[in-house]
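Have a look at the structure below, then the notes.
Just the heavy atoms: all of them, side chains too, but no hydrogens, waters or symmetry mates, feed the values below. Along the sequence shown, residues are numbered consecutively beginning with 1. Remember, it's 1-based here, ligands and their atoms both numbered in the order they're listed.
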Amino acid sequence: MQKIGVFDSGIGGLTVAKSLYEMGGFDELIYFGDLAHLPYGDKSEAAIQAYSVRISEFLVAKGCDTIVIACNSASASATELLKEYLDRRIRVINVIDPMVDFVVKNFPGADVGIIGTKRTIQSGIYQKKILQGDESIKVHAMATPLLVPVIEENLFSKDLRKKIIEEYLMKAEFNNISALILGCTHYPIIKDEISEILGNGVQILDSSEIIGGYMHPYLIDDKSKIASAQFYASDITDFFRDAANRFMGYQIDIKVHYLMNIF
Ligand code: DGL
């Protein structure tokens, strides 16, 4: 039995989970959305590490042999810790390394933009890893903290949402970019709106599309195998249920699992 655990602070990691689920090649996917601690993007590294350890313990107890950190903020803060803590017996895959590999292979000498949460951008991890891979790439990074609430709450009118996205992306900083990395797994949900604002000349790079190729070597060589999926969250709201059902395209059963008592 190959079980893959996928986690994020909320709905964003579903973009990655859905793409893995549709790809198949494993037996079961277990998703954990840490709604009780959303958003991760403005938490300290220490807090995100603590949540990530608890979630991983839960996923390992459920029998997962691979953990996909489907959150850039947690990938930036907790990858090394989880690898160490899980003693390298469990495969830990994050969303940053597959994207960095893709950019280094496909955009030599280019200007590449990256948007993400404050935690991800301030960590400097994309900037550092891309430059380590190819120092001819010019990375333009910007924290776009309002985008997660816009997506999670879906509160804002389409016009207001467009204005917020424009406010971030129409900066001189992004004038010459050939590609924009969606450095937060929530952002693919508004990918079309981002693409409309930046125009066809800018390729939008979405980790939910890139991670499949990266995981390929680790999966069962039988893509017809249909995986089953279980969904857990550390807190639940009707809004999250509706949004998750809509996003996955079928009625999912989300069970609550409380993560910790100390926070
Ligand atoms: N989806 C997450 C990420 O990729 C985190 C969003 C948040 O909770 O702030 O960074």
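- Within the 4.5 Å cutoff, no side-chain heavy atoms of Val6 are placed close to those of Phe32.
- With a 4.0 Å cut-off on non-hydrogen atoms, Leu38 touches ligand 1 through its side chain and not its backbone.
- For ligand 1, the atoms closer than 4.0 angstrom to any heavy atom of Ser9 are 5 (C), 6 (C), 7 (C), 8 (O).
- Residue Asp8 touches ligand 1 through its side chain alone, judged by heavy-atom distances below 4.0 Å.
- In terms of polar-atom proximity, Gly41 is counted as a contact of ligand 1, with an N or O under 3.5 Å from an N or O of the ligand.
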Given Ser77 and Tyr40, is the side-chain contact (heavy atoms from CB on, under 4.5 Å) satisfied, shown in steps?
CA-CA 10 Å; Ser77 306; Tyr40 276 10; over 6 Å; no
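- The pair Arg161-Glu193 meets the salt-bridge criterion, with a side-chain N (NZ, NE, NH1 or NH2) lying under 4.0 Å from an Asp/Glu carboxylate O.
- Side chain of Ser52 to main chain of Ile48: a donor-acceptor pair is present (N/O by atom type, distance under 3.5 Å, no hydrogens or angles).
- Protein heavy atom in closest approach to atom 7 (C) of ligand 1: Tyr40 N, 3.3 Å.
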Which atom pairs, donor and acceptor, lie under 3.5 Å between side-chain atoms of residues 94-112 and protein residues at least two apart or in another chain?
{"residue": "Asn94", "atom": "OD1", "partner": "Ile96", "partner atom": "N", "Å": "3.0"}
{"residue": "Asn94", "atom": "OD1", "partner": "Asp97", "partner atom": "N", "Å": "2.9"}
{"residue": "Asn94", "atom": "ND2", "partner": "Thr79", "partner atom": "OG1", "Å": "3.1"}
{"residue": "Asn94", "atom": "ND2", "partner": "Asp97", "partner atom": "OD2", "Å": "3.3"}
{"residue": "Asp97", "atom": "OD1", "partner": "Lys129", "partner atom": "NZ", "Å": "2.7"}
{"residue": "Asn106", "atom": "ND2", "partner": "Phe102", "partner atom": "O", "Å": "2.8"}
{"residue": "Asp111", "atom": "OD2", "partner": "His140", "partner atom": "NE2", "Å": "2.7"}

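- Polar contact check, Thr117 against ligand 1: no nitrogen or oxygen pair lies under 3.5 Å apart.
- Here the heavy atom of the protein found nearest to atom 10 (O) of ligand 1 is Ser73 OG, 2.7 Å.
- Nearest protein heavy-atom contact of atom 3 (C) of ligand 1 is Asn72 N, 3.2 Å.
- Lys18 pairs by the side chain to side chain contact (heavy atoms under 4.5 Å, CB included) definition with Glu22, Phe247, Met248, not counting sequence neighbours.
- Proximity to Val148 (heavy-atom distance under 4.0 Å) selects the following atoms of ligand 1: 6 (C).
- Heavy atoms from both the backbone and the side chain of Pro39 come within less than 4.0 Å of ligand 1.
- The pair Asp206-Lys191 meets the salt-bridge criterion, with a side-chain N (NZ, NE, NH1 or NH2) lying under 4.0 Å from an Asp/Glu carboxylate O.
- In this structure, the protein non-hydrogen atom closest to atom 1 (N) of ligand 1 is His186 ND1, 2.7 Å.
- The distance between the ring centers of Tyr232 and Phe58 falls below 6.0 angstrom.
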